[in-house]
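Predicted model, so just to flag it, every value in this text is computed and none were measured. Order of the sequence lines fixes the chain letters, A, B, ..., with proteins taken first and strands second; residue numbering starts at 1 for each chain.
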Protein chains: 2
Amino acid sequence: MALEHAILVSLLEQPGSGYELARRFDRSIGYFWTATHQQIYRVLKRMESDAWIEAREVAQQDRPDKKEYSVAALGRAALSGWLHEPIEPESVRHELAVKIRGAAFDDPAALIREVRRYRQAHAERLAHYLAGERRDFTGPEAPAPLDDRQELQHVVLRGGIAYEQMTLAWLDDVIDTLERLGARR
Amino acid sequence: MALEHAILVSLLEQPGSGYELARRFDRSIGYFWTATHQQIYRVLKRMESDAWIEAREVAQQDRPDKKEYSVAALGRAALSGWLHEPIEPESVRHELAVKIRGAAFDDPAALIREVRRYRQAHAERLAHYLAGERRDFTGPEAPAPLDDRQELQHVVLRGGIAYEQMTLAWLDDVIDTLERLGARR
DNA sequence: CCCCCCATGTAAGTAGTTACATGATTAC
DNA sequence: GTAATCATGTAACTACTTACATGGGGGG
């Protein structure tokens with residue numbers, strides 16, 4: 001149960017409305033924690049009634065008004081407490097791995113097409129990460145030196161980049177294996 | 001919703017009871033799909049009433065009797081249908097990444113101890129995977145050549161190994177970064 | 001006029017977790 | 001006797017997903 005904490009981090013980085021949070025969970029923080037707008041609004045309500053966050057009505061021209069949330073003292077305390085808790089091992093859900101093992105009881109070669117499409121999606125995500133890294137951390141427009149917040153965002157992004165590179169290499173391995181099994185039939 | 005399918009794959013690899021499935025979800029298939037025994041029993045009931053699987057009462061000596069499940073024709077068909085569906089992108093939940101970004105608003109150096117412990121857990125998992133790989137696929141006791149099922153299990157395990165190696169390298173990067181930020185205060 | 005973006009929600013259902021419960025057998 | 005393993009479940013709760021709903025503004 002860390003959606004609350006992901007929201008706290010995002011609101012500390014930048015206060016915003018439920019809608020804006022939902023956008024961030026499609027990119028940025030969404031690269032390592034996903035949530036839909038329905039879930040976000042529900043959790044925001046709970047967090048507000050627990051006084052973890054405070055809402056401020058913001059009137060806007062040319063677009064609907066919004067409620068801008070920011071982190072209150074209790075929210076900061078809750079985040080701090082959570083940060084000091086032990087890091088729990090992640091519970092893994094890797095659908096493709098199940099499919100690959102399941103392919104032994106169906107047609108391994110039939111998976112190749114889907115794995116290629118999946119690989120393409122990861123290649124695009126890697127390119128997106130690398131562009132973001134140049135823009136925010138390593139390119140000529142990036143601030144130097146980076147402050148703590150930026151250093152920590154950068155090391156998380158490096159993790160995403162490493163993950164995508166590893167995944168692409170493994171998917172090549174998977175495609176080779178599936179092709180080899182198809183050829184020997 | 002792939003627990004059903006993970007169970008189908010596991011039962012095709014080897015029929016077994018709910019209890020045995022729960023054990024497998026602690027290792028083997030559990031490396032890429034987790035489930036508790038409560039959840040497994042619930043889903044097994046549904047799968048049996050949908051005629052995806054069949055139960056057989058097995059009397060045992062020295063231990064309680066059990067219900068051994070195996071995959072029925074409808075279950076095989078359901079698995080085959082699922083295998084041909086598009087591979088959906090995984091929804092990411094990476095608590096440590098949230099904590100690292102959150103540390104910017106607390107004490108980055110305080111995370112180091114927990115990250116080291118977390119790294120240790122991943123190092124052990126990698127060692128476990130490598131031992132399993134030698135035992136089942138690359139060692140002198142392993143069958144050669146491998147059949148389709150073993151080749152596919154092996155490529156999935158190689159994915160797990162690659163993931164752990166990548167994770168260890170990234171965690172070293174994280175620890176370095178946290179130490180650097182601690183030192184410059 | 002229709003579609004897209006901004007903005008916020010409700011309702012219903014599915015999936016997953018945590019706590020509790022039972023009962024047999026084996027090992028110390 | 002008491003702890004551990006085998007074996008199967010119920011109950012209550014929390015988290016998450018999917019579908020539906022509303023309404024203003026801007027662009028083609």
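- Using the six-membered ring where Trp is involved, His128(B) and Tyr31(B) have ring planes that are perpendicular, over 60° apart on the 30 and 60° scheme.
- For the pair Asp65(A) CG and dT8(C) P, the interatomic distance rounds to 9 Å; values are reported in whole Å.
- Classification of Glu13(A) and Arg101(B) as a salt-bridged pair holds, one side-chain N sitting under 4.0 Å from a carboxylate O.
- The salt bridge (charged side-chain N to carboxylate O under 4.0 Å, His left out) check on Arg63(A) picks up nothing, with sequence neighbours excluded.
- If you check residues 42-64 of chain A against DNA chain D, the residues with a heavy atom closer than 4.0 Å are Arg42(A), Arg46(A), Asp62(A), Pro64(A), listed by number.
- What separates CD of Glu90(A) from P of dG16(C) is a distance of 16 Å, to the nearest Å.
- Residues that satisfy the salt bridge (charged side-chain N to carboxylate O under 4.0 Å, His left out) test with Glu90(A), not counting sequence neighbours, are absent from this structure.
- Rounded to a whole Å, the CD atom of Gln38(B) is 13 Å from the P atom of dG16(C).
- Screening residues 74-87 of chain B for salt bridge (charged side-chain N to carboxylate O under 4.0 Å, His left out), with sequence neighbours left out, gives no hits.
- OP1 and OP2 of dG9(D) both lie 4.0 Å or more from every side-chain N or O belonging to Tyr41(B).
- The phosphate of dT17(D) (OP1 or OP2) has a side-chain N or O of Gln39(A) nearer than 4.0 angstrom.
- The nucleotide whose nearest atom lies closest to any side-chain atom of Thr36(B) is, among dT18(C), dT8(C), dT8(D), dT18(C).
- As a whole-Å value, the separation of Glu4(B) CD from dT14(C) C1' is 10 Å.
- Rounded to a whole Å, the CD atom of Glu88(A) is 13 Å from the P atom of dT17(C).
- Using a 4.0 Å cut-off on heavy atoms, none of the residues of residues 13-32 of chain A approach DNA chain D.
- When rounded to the nearest whole Å, the span between NE2 of His5(B) and P of dT14(C) equals 15 Å.
- Residue order along DNA chain D, read from the 5' end via each residue's closest nucleotide, puts His37(B) first among Thr34(A) and His37(B).
- Ile40(A) places its CD1 atom 13 Å from the C1' atom of dA7(C), with the value rounded to the nearest Å.
- Residues forming a salt bridge (charged side-chain N to carboxylate O under 4.0 Å, His left out) with Arg180(A) (at least two apart in sequence, or on another chain): Glu151(B).
- Atom CZ in Arg93(B) sits roughly 14 Å away from atom C1' in dT17(C) (whole-Å rounding).
- Using bins of under 30°, 30° to 60° and over 60° for the plane-to-plane angle, the ring pair His94(A)/Trp170(A) lands in the perpendicular bin.
- Contact check on Arg23(B) versus Glu20(B) returns no salt bridge, with no Lys/Arg side-chain nitrogen under 4.0 Å from an Asp/Glu carboxylate oxygen.
- Ring geometry, His154(B) versus Phe137(B): the interplanar angle falls under 30°, so the pair is classed parallel (tilted spans 30 to 60°).
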